[in-house]
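I have placed the structure first, in the form of structure tokens, so that the comments after it can refer back to it.
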Amino acid sequence: MEDDPVIRDALQELLQHWGLVTEECAEGREALTLLEAGSFDLMLLDLNLPRLDGLEVCRRLRRLPINQPLVLMLTARDSLDDNVLGLEQGADDYLIKPFEPALLKARIQALLRRAARPLRDTWNWGALQLSLDRRTASFNTQDLRLTPKEHSLLEALLKAGGRTCSKEQLIEAAWAWADVPGDESVKTHVKNIRAKLNQAGAPPDLIETVYGVGFRLNASHA
């Protein structure tokens, strides 16, 4: 939960790159509504949210009769008293802004290990394997040699778990907002991924076309 849209978008992109499924919001009351409506493992909570600040969100969260997420509080306040107060209100850890992405990842990993919910680096679909950290992909251990955009598209399909990814979702996953392609470019990239999969011995229908909507991984090959 972060009110600055630039920081919020950057955090969401990082978290998704690390294999996490995310939801985001910009203010405290919206955060509590979102938490009550869903089930979450971890919340990144900015201290300076509008309407309800992070401390009050954390305080109210800990009173809710829901499955409680871990809370990593993000704060620009570096005084000991402020950070002790955050922990006293129910935060599990805190990180002082600005911070390096590597430190954020380490803190998240430590929290999720505590709850036995480790970050996923490797995604599989049958004999298909994709690594986020190494940016590699293989089928039956044969390297697919994907371009960065092809890797991002295949990552989005794997994270969808057999659900259909619309062309808009795939564009969002692989292209910068200032470089939005047309539908034909998405089709061409998927065609190239299929060709590389076929060369590695994958079944031709591993990636299915859902006409008029988008693409998905074939559940029969999971």
Side-chain angles (χ1 to χ4, degrees), residues 1-78 82-83 85-112 114-115 117-120 132 152 155-156 158-161 163-178 180 214:
M1 285 54 176
E2 165 68 56
D3 63 322
D4 186 316
V6 175
I7 296 175
R8 190 169 66 247
D9 289 346
L11 281 172
Q12 180 159 281
E13 185 176 341
L14 266 178
L15 295 171
Q16 291 175 349
H17 174 67
W18 295 334
L20 294 170
V21 179
T22 65
E23 294 279 356
E24 50 89 13
C25 67
E27 55 92 5
R29 292 189 187 280
E30 183 186 353
L32 287 172
T33 300
L34 190 62
L35 289 163
E36 288 186 273
S39 178
F40 298 90
D41 293 329
L42 174 70
M43 175 171 63
L44 300 187
L45 179 62
D46 185 41
L47 197 59
N48 295 317
L49 291 175
R51 301 186 69 184
L52 287 179
D53 67 17
L55 288 175
E56 185 61 24
V57 170
C58 200
R59 188 181 299 118
R60 296 190 187 189
L61 166 66
R62 293 315 187 199
R63 298 196 204 112
L64 292 176
I66 61 173
N67 186 27
Q68 295 282 337
L70 298 160
V71 175
L72 176 55
M73 190 166 282
L74 308 179
T75 174
R77 306 176 193 173
D78 59 0
D82 283 329
N83 295 314
L85 183 58
L87 296 172
E88 288 177 344
Q89 297 306 318
D92 296 283
D93 197 358
Y94 68 88
L95 192 57
I96 296 171
K97 298 190 289 187
F99 49 79
E100 292 295 325
L103 180 57
L104 173 63
K105 184 176 183 180
R107 292 292 183 88
I108 290 173
Q109 286 176 320
L111 285 171
L112 293 179
R114 184 190 305 176
R117 303 164 186 164
L119 282 174
R120 287 184 63 179
L132 299 184
S152 295
E155 178 184 332
L158 280 161
K159 288 180 179 178
R163 299 185 300 276
T164 300
C165 285
S166 69
K167 291 171 186 173
E168 292 76 16
Q169 288 172 316
L170 292 174
I171 287 170
E172 185 177 341
W175 277 270
W177 67 270
V180 177

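This one's a predicted model, so the numbers in the text were calculated from it and none came from an experiment. Start at 1 with the first residue, then count along the sequence.
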Report task. Just do the side chain to side chain contact (heavy atoms under 4.5 Å, CB included) check on Leu11 and Asp46 with the steps written out, would you? Result -> CA-CA 12 Å; Leu11 281 172; Asp46 185 41; over 6 Å; no
Nearest-0.5 Å distance, [atom1] of residue [X] to [atom2] of residue [Y]:
X: Arg107; Y: Asp93; atom1: CZ; atom2: CG; value: 4.5 Å
X: Thr164; Y: Gln169; atom1: OG1; atom2: CD; value: 9.0 Å
X: Asn48; Y: Lys97; atom1: CG; atom2: NZ; value: 6.5 Å
X: Leu112; Y: Leu20; atom1: CG; atom2: CG; value: 6.5 Å

Requested in this report: Would you please name every residue forming a salt bridge (Lys or Arg N to Asp or Glu O under 4.0 Å) with Glu13, sequence neighbours left out?
Outcome: none
**Report entry** Residues that Lys167 engages under salt bridge (Lys or Arg N to Asp or Glu O under 4.0 Å), provided they are two or more places apart
**Finding:** none
Requested in this report: Assess whether side chain to side chain contact (heavy atoms under 4.5 Å, CB included) is satisfied between Leu47 and Tyr94, documenting all intermediate values.
Outcome: CA-CA 10 Å; Leu47 197 59; Tyr94 68 88; over 6 Å; no
Query raised in the report: Thr22: what forms a side chain to side chain donor-acceptor pair (under 3.5 Å) with it, not counting sequence neighbours?
Result: Gln12, Gln16
Could you pull out the closest heavy-atom pair between [X] and [Y], with the gap in Å?
X: Cys25; Y: Arg8; value: O-CD, 3.4 Å
X: Leu170; Y: Ala156; value: CD2-CB, 3.9 Å
X: Pro69; Y: Leu42; value: CB-N, 4.0 Å
X: Ala91; Y: Cys58; value: N-SG, 3.4 Å
X: Leu52; Y: Glu56; value: CD2-CG, 3.7 Å

Query raised in the report: After noting the C-alpha distance and the side-chain angles of Phe40 and Leu35, does the key distance pass the side chain to side chain contact (heavy atoms under 4.5 Å, CB included) rule?
Result: CA-CA 7 Å; Phe40 298 90; Leu35 289 163; 4.0 Å; yes
Determine whether [X] and [Y] make a side-chain contact, defined as any pair of heavy atoms from C-beta on separated by less than 4.5 Å.
X: Leu61; Y: Leu45; answer: no
X: Val21; Y: Lys159; answer: no
X: Ile108; Y: Lys105; answer: no
X: Met73; Y: Leu55; answer: yes

Query raised in the report: Are the side chain of Glu100 and the backbone of Leu103 linked by a donor-acceptor contact shorter than 3.5 Å?
Result: no
Query raised in the report: Quick one: does Asp92's side chain have a donor or acceptor within less than 3.5 Å of a partner on Val71's backbone?
Result: yes
Query - Residues Arg60, Arg29; criterion side chain to side chain contact (heavy atoms under 4.5 Å, CB included); working and verdict - result: CA-CA 10 Å; Arg60 296 190 187 189; Arg29 292 189 187 280; 3.9 Å; yes
